[in-house]
Amino acid sequence: MAELLGPRLYSCCNCRNHVSYHDDIISKAFQGRNGRAFLFSHAMNVTVGPKEDRHLMTGLHTVADVSCSDCQEVLGWKYERAYEESQKYKEGKFILEKSKIVKENW
């Protein structure tokens, strides 16, 4: 008999707190501070820090660091505002760095 598995998740690398669903990945072709990163439509169990303007590879953005709500490990950032029209699709989305998250239920 086949086992029923729950949804595929990503968890904090430090404490295994669930932070996003695999189905919420928009793109795996992003660059974080420490290497590859994924763009997610949603994140959960995270704390969003103060907003700040940063010059990223694709131009000026207003972003806020995103940390695990349990252990406070910085996992990536949230795009609050994109100044260039071609980057507006990122607004409200989350970058989670591949090195900071682990797969669960795979």
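Every value quoted in this text rests on a predicted model; they were computed, and no experiment measured them. Heavy-atom basis, side chains included; hydrogens, waters and symmetry copies ignored.
Linking Ile, Leu, Val, Met, Phe, Trp and Tyr whenever their side-chain heavy atoms come within less than 4.5 Å puts Ile95 and Leu56 in one cluster. Under a hydrophobic clustering in which Ile, Leu, Val, Met, Phe, Trp and Tyr are joined whenever their side-chain heavy atoms come within less than 4.5 Å, directly or via other members, Ile25 and Leu96 fall into the same cluster. With hydrophobic clusters built from ILVMFWY side chains whose heavy atoms lie under 4.5 angstrom apart, Phe38 shares a cluster with Val46.
With contacts defined as side-chain heavy-atom distances shorter than 4.5 Å, the pair Phe94/Ile26 does not qualify.
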#### Entry: Stepwise salt bridge (charged side-chain N to carboxylate O under 4.0 Å, His left out) check, Lys93 with Glu91
CA-CA 5 Å; Lys93 311 284 189 312; Glu91 292 181 342; over 6 Å; no
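Tyr10 OH to Leu75 CG: the interatomic distance, rounded to the nearest 0.5 Å, is 13.5 Å. Annotation: the span from Cys12 atom SG to Ile101 atom CD1 amounts to 10.0 Å, rounded to 0.5 Å. How far CZ of Phe30 is from NZ of Lys98: 15.5 Å, rounded to the nearest 0.5 Å.
With sequence neighbours left out, Lys90 forms a side-chain hydrogen bond (donor to acceptor under 3.5 Å, both in side chains) with Thr58, Gln87. Every residue was checked against the side-chain hydrogen bond (donor to acceptor under 3.5 Å, both in side chains) condition with Gln72, not counting sequence neighbours, and none meets it. Applying the side-chain hydrogen bond (donor to acceptor under 3.5 Å, both in side chains) criterion to Asp53, with sequence neighbours excluded, gives Thr62, Tyr83.
Pairing each heavy atom of Ser99 with each of Asn34, the nearest pair is OG-CB, 4.1 Å.
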Without placing hydrogens or testing angles, list every side-chain donor-acceptor pair under 3.5 Å for residues 13-21, not counting sequence neighbours.
from: Arg16; atom 1: NH1; to: Cys13; atom 2: O; distance (Å): 2.8
from: Asn17; atom 1: ND2; to: Asn45; atom 2: O; distance (Å): 3.3
from: Asn17; atom 1: ND2; to: Ser69; atom 2: OG; distance (Å): 3.4
from: Ser20; atom 1: OG; to: His42; atom 2: O; distance (Å): 2.9

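Formation of a donor-acceptor pair under 3.5 Å by the Glu104 side chain with backbone atoms of Arg8 is not found in this model.
Counting only residues at least two apart or in different chains, salt bridge (Lys or Arg N to Asp or Glu O under 4.0 Å) contacts with residues 72-86 comprise Glu73-Lys100. Within the structure, every pair that satisfies the salt bridge (Lys or Arg N to Asp or Glu O under 4.0 Å) test and touches residues 18-37, not counting sequence neighbours, is listed here: Arg33-Asp65.
For Lys88, the NZ atom counts as densely surrounded, since its 6.0 Å shell holds more than 12 non-hydrogen atoms of other residues, nucleotides or ligands.
Between Trp77 and Tyr79, the ring planes are perpendicular. Angles over 60° get that label, and only those under 30° would be called parallel.
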